[in-house]
Asker: 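Just dropping this structure here.
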Amino acid sequence: MRIVSFGFQTWGRKTLQALIDSEHEVVLAVTHPAADSAYKAIWNDSVEELATEHGIPVHLTERADAETIDLVKRARPDVIVVNSWYTWMPAELYDMPPHGTLNLHDSLLPKFTGFSPVLWALISGAEEFGLTVHRMDEQLDTGDILVQKRLPIPPDATGTELVLAGMELIPGAVHEALAALENGTAVWTPQNKAERTYFHKRSDRDSRIDWSLDATESERFVRALSAPYPRAYSYYRGERVEILDAVVSEARYGGTAGRVIVQEGGGAVVCGADPHRGGNHALVIKRVRSATGTEYDGAEFFARGGYLTDFPA
């Protein structure tokens, strides 16, 4: 089959590599120009570079404009394969090939449609995540499912570990989907739209810890925002601090949410609902990074006590 690839960042590059390694012909690679955006710069392996190395024509564009549609039409693809494409694609484009357009989304659809699905899955306490290959339609991540791969979320996993594990699912899922199309054995499963959950793009605000959440949720939040992602943060004595490592306390702590005291080898933060009742575990912060970039042991950093707050105070 003749394939046109739409992709960006490491996800797009791994998908293009899987297409190159298949028995099919990649006739055009469409990708975005390099970007300085914080999130787009995290997993920034180049699709353009890989395509050029293999003599595949490359088209750089921010959006699927008239020129892009014309180039794809002249490439005569049997199928378009998409992974990590940041802008809207019109039906004129995704319905163009005989087999339509396959989109790869790193969640178990219809759950976690939208953005940063792996991080949101870990933050929310999901027990598993994965990769879905589905047919593109007029909405975001809502088309019929062709292939779905599942992985458990281990109790101590970081967001970065899960993202990397999910990327390893790409080659197998791509090859399985293409084989089904070519052999005429594709089985399309409609998504139950009533079960759909949508998560928005992450911004700086979404990395701030909410001390009204319980310690288990906050510990998971810290693990989800592992390097190279923007780290979980709060404010201490007017200074923004990043929480790099934390555990759930053994004892239970009461008082006011956000109060930090040196206990259990770190800074134990009172948190959760009705903290004045003293029934909640604390989040024990083991490692922090100050606004100057210096890392500290939690017990050392919080030796003066005080409060962690939502805003500088």
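All values below come from the heavy atoms of this structure, side chains included, with hydrogens, waters and symmetry mates left out.
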Asker: Determine whether a donor-acceptor pair (N or O, by modelled atom type, separation under 3.5 Å) exists between the side chain of D274 and the backbone of R277.
Answerer: no
Asker: Let's go through N183 and T185 carefully: what are the C-alpha distance in whole Å and the side-chain angles of both, what is the deciding distance for side chain to side chain donor-acceptor pair (under 3.5 Å) to 0.1 Å, and is it a yes or a no?
Answerer: CA-CA 5 Å; N183 299 334; T185 58; 4.8 Å; no
Asker: Under 4.5 Å between side-chain heavy atoms, counting indirect links through other Ile/Leu/Val/Met/Phe/Trp/Tyr residues: same cluster for V79 and M136 or not?
Answerer: no
Asker: Using a 4.5 Å cut-off on heavy atoms from C-beta on, say whether the side chain of V81 contacts that of S5.
Answerer: no
Asker: Quick check against the 3.5 Å criterion: does E182 have a side-chain atom that pairs as donor or acceptor with the backbone of H24?
Answerer: no
Asker: Looking at D245 and R289, is there a salt bridge between them, counting it only when a charged N and a carboxylate O are closer than 4.0 Å?
Answerer: no
Asker: For residues 146-156, run the donor-acceptor check on the side chains, cut-off 3.5 Å, and write out each pair with its distance to 0.1 Å, sequence neighbours left out.
Answerer:
unit_1	atom_1	unit_2	atom_2	d
Q148	NE2	L109	O	3.1
Q148	NE2	T132	OG1	2.7
K149	NZ	E176	OE1	2.6
R150	NH1	E128	OE2	2.6

Asker: Just checking, any donor-acceptor pair under 3.5 angstrom between side chains of W43 and Y229?
Answerer: yes
Asker: What is the minimum heavy-atom distance between K286 and V247, and which atoms define it?
Answerer: CE-CG2, 3.8 Å
Asker: Should K111 and E195 count as an ion pair when the cut-off is N to O under 4.0 Å?
Answerer: no
Asker: Please report the closest heavy-atom contact between E62 and P33, naming both atoms and the distance.
Answerer: OE2-CD, 3.8 Å
Asker: Does E295 reach the main-chain N or O of R287 with its side chain, forming a donor-acceptor pair under 3.5 Å?
Answerer: no
Asker: Would you say L181 ends up clustered with L16 if hydrophobic residues are merged whenever their side chains have heavy atoms under 4.5 Å apart, either directly or through other cluster members?
Answerer: yes
Asker: Apply the test side-chain contact (heavy atoms from CB on, under 4.5 Å) to residues L178 and I3: give CA-CA distance (whole Å), side-chain angles for both, the deciding distance (0.1 Å), then the verdict.
Answerer: CA-CA 10 Å; L178 294 179; I3 300 173; 3.8 Å; yes
Asker: Would a single hydrophobic cluster contain both I42 and I123, if residues Ile, Leu, Val, Met, Phe, Trp and Tyr are joined by side-chain heavy-atom contacts under 4.5 Å?
Answerer: yes
Asker: Starting at OG of S116, measure out to CG of L122 and round the result to the nearest 0.5 Å.
Answerer: 12.0 Å
Asker: For the aromatic rings, using the six-membered ring if either is Trp, is the centroid distance between H105 and W11 under 6.0 Å?
Answerer: no
Asker: Quick check: do D210 and L213 have side-chain heavy atoms less than 4.5 Å from each other?
Answerer: yes
Asker: So, does T158 use its side chain to make a donor-acceptor pair with the main chain of E161 at under 3.5 Å?
Answerer: yes
Asker: Return the NZ to CG distance between K14 and L50, rounded to the nearest 0.5 Å.
Answerer: 11.0 Å
Asker: When you measure from the side chain of D137 to the backbone of Q139, do you find a donor-acceptor pair of N or O atoms at a distance under 3.5 Å?
Answerer: yes
Asker: Which heavy atom of G159 sits nearest a heavy atom of S226, and at what distance?
Answerer: N-OG, 3.5 Å
Asker: Find out whether the Lys NZ or Arg CZ of R202 is both under 6.0 angstrom from the six-membered ring centre of W120 and within 45° of the ring's axis.
Answerer: yes
Asker: Under the criterion side-chain contact (heavy atoms from CB on, under 4.5 Å), which of T31, T15, T87, V82 is the partner of F6?
Answerer: V82
Asker: What closest approach, in Å, do I243 and V241 show between heavy atoms, and which atom pair accounts for it?
Answerer: CD1-O, 3.7 Å
Asker: Apply side-chain contact (heavy atoms from CB on, under 4.5 Å) to the pair D144 and T189, showing each step before the final yes or no.
Answerer: CA-CA 5 Å; D144 294 351; T189 303; over 6 Å; no
Asker: Looking only at atom types and distance, does a side-chain atom of Y94 sit under 3.5 Å from a main-chain N or O of E138, one as donor and one as acceptor?
Answerer: yes
Asker: Would you check if the side chain of S234 reaches a backbone N or O of I209 as a donor-acceptor pair within less than 3.5 Å?
Answerer: no
Asker: Is there side-chain contact between Y307 and Y235, with at least one heavy-atom pair below 4.5 Å?
Answerer: no
Asker: Side-chain contact, heavy-atom cut-off 4.5 Å: V30 with T68?
Answerer: yes
Asker: Do M96 and L93 have side-chain heavy atoms sitting under 4.5 Å apart?
Answerer: yes
Asker: Just verifying a value: how many Å separate D206 CG and H200 NE2, rounded to the nearest 0.5 Å?
Answerer: 4.5 Å
Asker: Say whether V118 and F221 are linked into one hydrophobic cluster, either directly or through other cluster members, by side-chain heavy-atom distances under 4.5 angstrom.
Answerer: yes
Asker: So, do V4 and V27 sit near enough that their side-chain heavy atoms are less than 4.5 Å apart?
Answerer: yes
Asker: Testing the basics here: between C271 and H281, what is the closest heavy-atom pair and its distance to 0.1 Å?
Answerer: SG-O, 3.7 Å
Asker: Search all heavy atoms of T113 against all heavy atoms of L140 and return the closest pair with its distance.
Answerer: CB-O, 4.1 Å
Asker: Working to the nearest 0.5 Å, report the span between CD of E239 and OG1 of T309.
Answerer: 11.5 Å
Asker: Just by modelled atom types, is the L19 backbone N or O under 3.5 Å from a matching donor or acceptor in the S22 side chain?
Answerer: yes
Asker: Under 4.5 Å between side-chain heavy atoms, counting indirect links through other Ile/Leu/Val/Met/Phe/Trp/Tyr residues: same cluster for L283 and L225 or not?
Answerer: yes
Asker: Looking at G12, is its backbone amide N or carbonyl O close enough to the side chain of N83 to form a donor-acceptor pair, meaning the two atoms are under 3.5 Å apart?
Answerer: no
Asker: Just wondering, more than 12 heavy atoms not from E127 lying within 6.0 Å of its CD?
Answerer: no
Asker: Ring of W188, cation from R135 - is the NZ or CZ under 6.0 Å from the centre and inside 45° of the axis?
Answerer: yes
Asker: With a 4.5 Å cut-off on side-chain heavy atoms, are R63 and M89 touching?
Answerer: no
Asker: Please lay out, stage by stage, how I261 and Y253 fare under the test side-chain contact (heavy atoms from CB on, under 4.5 Å).
Answerer: CA-CA 10 Å; I261 50 178; Y253 293 79; 4.0 Å; yes
Asker: Give a yes or no on whether R76 atom CZ has more than 12 heavy-atom contacts from other residues, nucleotides or ligands under 6.0 Å away.
Answerer: no
Asker: For the backbone of E250 and the side chain of E264, can you confirm whether one donor and one acceptor N or O come within less than 3.5 Å of each other?
Answerer: yes
Asker: How about Y296 and F302: are their ring centroids closer than 6.0 Å?
Answerer: no
Asker: Going by the rule salt bridge (charged side-chain N to carboxylate O under 4.0 Å, His left out), which residues pair with R304 if we only count those two or more places apart in sequence or in a different chain?
Answerer: none
Asker: Say you draw a straight line from CD1 of I56 to CD of E25; how long is it, rounded to the nearest 0.5 Å?
Answerer: 9.0 Å
Asker: Counting only heavy atoms from other residues, nucleotides and ligands, does the tally under 6.0 Å from CZ of R240 exceed 12?
Answerer: yes
Asker: Can you check whether P117 reaches L131 side chain to side chain, under 4.5 Å on heavy atoms?
Answerer: no
Asker: Begin from the C-alpha positions of V47 and E49 and carry the test side-chain contact (heavy atoms from CB on, under 4.5 Å) through to its verdict.
Answerer: CA-CA 5 Å; V47 170; E49 177 185 86; over 6 Å; no
Asker: Does Y233 have R208 sitting over its ring (NZ/CZ under 6.0 Å from centre, angle to axis within 45°)?
Answerer: no
Asker: Find the distance between CE (M167) and CG (L162) and round it off to the nearest 0.5 Å.
Answerer: 11.5 Å
Asker: Could you give me the CA-CA distance, side-chain angles and deciding distance for N103 and H134, then say whether side chain to side chain donor-acceptor pair (under 3.5 Å) is met?
Answerer: CA-CA 5 Å; N103 182 57; H134 68 97; 3.0 Å; yes
Asker: For the pair F112 and F199, name the ring-plane relationship: parallel under 30°, tilted 30 to 60°, perpendicular over 60°.
Answerer: parallel
